[in-house]
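Below, read A as the first sequence line, B as the second, and so on, with proteins coming before strands; counting in each chain starts at 1. What you see is a predicted model, and the numbers here were worked out from it, not measured in a lab.
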Amino acid sequence: MENQKIADIFNRIADLLDIRGDNPFRIRSYRAAARTIEDLPENLAGAAGEGKDLTDLPGIGKDLAAKIAEIVQSGRLKFLDDLKKTLPPGLPELLRLEGVGPKKVKLFYEEAGIDSIDSLDRAARAGRLRGLDRMGEKTEEKIVRAIESYRKTAGRFRLDTGFAAAEEITAYLEPAADDLVPAGSLRRRRETVGDLDILAVTRDGPGLMERFVGQPETTAVLAQGSTRSAVRVENGLQVDLRVMAREEFGSALLYFTGSKAHNIALRRRGRERGLKVSEYGIFRGEKRIAGETEEECYRALGLPWIPPELRENRGEIEAAEQNRLPRLIEPEAIRGDLQMHSTASDGKESVLEMARAAEKRGYRYIAITDHSQAVRVAGGLNEKELAEHLKEIDKAGKKCPGIRILKGVEVDILADGTLDLQDEILRECEVVVASIHYNFNLPEKEMTRRIVRGLKNPQVNIFGHPTGRLLLQREPYSFDFEEVVKAAVGEGVTLEINAHPARLDLNDVLARRAKELGARLVIDTDAHSSLQLGLMEYGVFTARRAWLEKDDVINTYPLKKLLDVLNRPLR
DNA sequence: GGACTCCTGTCCTAGTGCTCCAAAGCACT
């Protein structure tokens with residue numbers, strides 16, 4: 001069992017208790033435990049199985065340890081099952097709406113009988129909320145907007161959720177298949193996935209299908225046939241399995257990888273050449289001329305193989321035809337990570353622990369960039385504390401000679417565009433990441449001015465998570481992207497692709513545009529624990545979707561060249 | 001519910017801005 005699954009159960013309990021108005025400290029305990037479990041480098045179910053004492057973990061006492069044991073053993077938790085019965089099933093979902101928290105959910109339910117997104121939507125549109133305590137017209141409008149935004153992304157899942165599900169399912173199916181490849185938007189590494197398409201080759205189709213629909217995760221069988229079956233699994237994701245013959249595997253993979261726009265363009269191209277392109281192969285008349293591999297399918301269409309990340313019909317077919325597809329950046333090209341946190345602010349591990357973990361990954365350098373004072377929730381540092389912390393970083397550096405630990409900070413760009421720390425201390429840093437964590441709601445012009453002013457500070461090297469969006473959760477703040485990129489280019493500021501799968505910010509489209517405008521990029525994990533250093537691959541996926549090559553990304557550079565770009569001396 | 005300790009009772013992550021409504025909920029990692 002994945003740690004995430006146990007953490008999800010605790011978070012669900014916290015949500016329900018929150019809506020019921022339970023003891024806030026009890027609620028916090030569940031959330032704290034969930035976070036501890038998410039960040040755990042080892043598998044909790046395994047540890048529990050070996051008889052390890054789970055109460056040694058921070059925030060896990062006797063009660064929660066027993067609950068974990070129950071989850072590991074039975075896959076369920078009676079406490080949660082009982083708790084669920086006390087409230088309508090649609091209530092927790094309301095918490096996903098921006099601007100709606102437990103207090104409002106409780107109010108809506110108890111005073112207006114609202115028990116789902118749909119009923120809330122109807123009530124808000126009918127103006128039936130404004131009679132409630134502290135509710136007015138503005139709040140109604142805000143809720144309608146929040147629901148619209150939520151619905152745009154409902155039914156989609158973050159890429160990491162898709163990966164975890166795909167891994168679990170393919171591992172389970174492996175004994176019954178010769179070949180097994182997840183296709184669809186997951187293979188194209190889109191930031192979110194709708195459903196999961198898995199392709200298989202096997203000599204025993206019915207046996208594989210039996211195993212697929214019977215997997216322990218299944219909550220509903222949507223379809224079951226000899227070549228295609230579909231199920232819904234525990235977290236709501238729909239998974240399709242398709243069994244193909246060996247000779248059509250390539251064309252099927254091509255078809256099911258998509259995107260739809262890419263496929264349409266390929267089929268049109270085929271038709272122009274007198275060919276019929278389908279998931280079963282490429283045919284001239286009745287004769288199959290390609291189908292077993294993707295390479296031969298593309299070749300039959302007069303094209304080199306196109307990496308899945310580019311298959312969006314955004315110019316990749318023309319580029320392939322003219323042999324000028326980009327040489328996309330590879331994960332192995334990454335030499336360091338320029339944004340991460342330590343215990344000095346809200347990270348889970350010390351500078352030294354982060355450095356040693358990064359060294360193990362083969363990195364040559366990292367930057368420790370803890371928060372500045374404005375981010376109080378994260379224990380951000382003021383000038384004096386940062387000065388002390390920089391000394392600590394130097395000390396850690398001496399203990400870990402195999403990797404260069406750059407002194408850094410993630411400083412907030414305040415609402416007026418000034419920075420949250422004085423220039424003198426920023427000058428002591430080798431990497432200054434400037435980011436926005438507050439006042440997201442400025443009008444576009446004001447926000448643009450604010451960012452540009454922030455980036456014009458000569459100490460700033462990197463603009464962190466530039467749009468501020470959280471996937472499936474929070475829209476980006478509004479600003480003039482082109483103007484900001486131009487300012488960044490002019491000031492020598494590098495734009496971040498934040499690799500955290502909840503952010504992926506810049507996204508693929510904007511990162512590509514930034515490159516076109518002459519910007520340099522960096523891929524950072526923003527890790528809050530050593531485990532999260534592994535999120536780098538998600539940033540690389542996004543960079544590949546943005547057509548980026550190795551040289552577009554500064555943390556592929558050797559240290560000397562990197563410092564040169566950062567305009568800092570090599571010490 | 002956990003941690004710490006006073007072994008039953010107490011405290012627990014700080015504080016600010018925003019919004020929208022008139023005192024408080026929500027968001028911020």
**OP:** Assign a letter to each nucleotide of nucleotides 4-10 of chain B from its 5' end: B, base within under 4.0 Å of a protein heavy atom; S, sugar-phosphate only; -, no contact.
**Re:** -------

**OP:** Any chance you could list the contact pattern along nucleotides 18-29 of chain B? Use B for base contacts, S for sugar-phosphate-only contacts and - for none, protein heavy atoms under 4.0 Å, 5' to 3'.
**Re:** SSBS-BBSSSBB

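The structure places CD of A:E496 at 11.0 Å from OG1 of A:T467, a figure rounded to the nearest 0.5 Å. To the nearest 0.5 Å, the span separating CG on A:L421 from NE2 on A:H371 amounts to 12.5 Å.
Partners of A:S350 according to the side-chain hydrogen bond (donor to acceptor under 3.5 Å, both in side chains) rule, which considers only residues two or more places apart in sequence or in another chain, are A:E353. Applying the side chain to side chain contact (heavy atoms under 4.5 Å, CB included) rule to A:A511 yields the partners A:I497, A:L506, A:L521, A:A546; only residues at least two apart in sequence or on another chain are considered. Partners of A:H465 under the ring pair (Phe, Tyr, Trp, His ring centres under 6.0 Å) rule, at least two apart in sequence or in another chain, are A:H437. Listed by chain and residue number, A:Y477 satisfy the ring pair (Phe, Tyr, Trp, His ring centres under 6.0 Å) test with A:F479 (two or more places apart in sequence, or in another chain).
Stretches of at least 3 consecutive Watson-Crick or G-U wobble pairs, with each checked distance under 3.5 Å, appear in DNA chain B as B:1-4 with B:9-12, B:15-19 with B:24-28.
B:dT5 sits 10 Å from B:dT10 when the C1' atoms are compared, rounded to a whole Å. Taking the P atoms as reference points, B:dC7 lies 23 Å from B:dT13, given to the whole Å. Rounded to a whole angstrom, the distance from the C1' atom of B:dG17 to that of B:dC12 is 25 Å. Using P as the reference atom, B:dC20 and B:dC28 are 16 Å apart when rounded to the nearest Å. For the C1' atom pair drawn from B:dT16 and B:dT29, the interatomic distance equals 15 Å after rounding to whole Å. With P as the reference atom, B:dA14 and B:dC18 are 22 Å apart, rounded to whole Å.
Closest approach of A:A45 and A:N3 over heavy atoms only: N-OD1, 4.4 Å.
A side-chain donor from one of A:T55 and A:D53 sits under 3.5 Å from a side-chain acceptor of the other.
A:D416 has its CG atom 14 Å from the C1' atom of B:dG17, to the nearest Å. Here B:dG1 presents its P atom at 14 Å from CG of A:L16, a figure rounded to the nearest Å.
For residues 25-32 of chain A, proximity to DNA chain B is found at A:F25, A:R26, A:R28, A:S29, A:Y30, defined as any non-hydrogen atom under 4.0 angstrom from a strand atom. For the segment residues 62-74 of chain A, residues with any heavy atom less than 4.0 angstrom from an atom of DNA chain B are, sorted by number, A:K62, A:D63, A:L64, A:K67.
Residue pairs satisfying the side chain to side chain donor-acceptor pair (under 3.5 Å) criterion with at least one member in residues 442-460 of chain A, sequence neighbours excluded, are listed as follows: A:D423-A:N457. Within the structure, side chain to side chain donor-acceptor pair (under 3.5 Å) contacts touching residues 131-146 of chain A (residues at least two apart or in different chains) are A:R130-A:E140. Sorted by first then second residue, the side chain to side chain donor-acceptor pair (under 3.5 Å) pairs that include residues 22-35 of chain A, not counting sequence neighbours, are A:D15-A:R31, A:D18-A:R31, A:D22-A:R26, A:Y30-A:K67.
Between A:H528 and A:H341, the ring-plane angle classifies as parallel under the 30° and 60° cut-offs.
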Subject >> Stepwise side-chain hydrogen bond (donor to acceptor under 3.5 Å, both in side chains) test for A:Y150 and A:Q473 >> reply: CA-CA 7 Å; A:Y150 175 78; A:Q473 210 178 319; over 6 Å; no

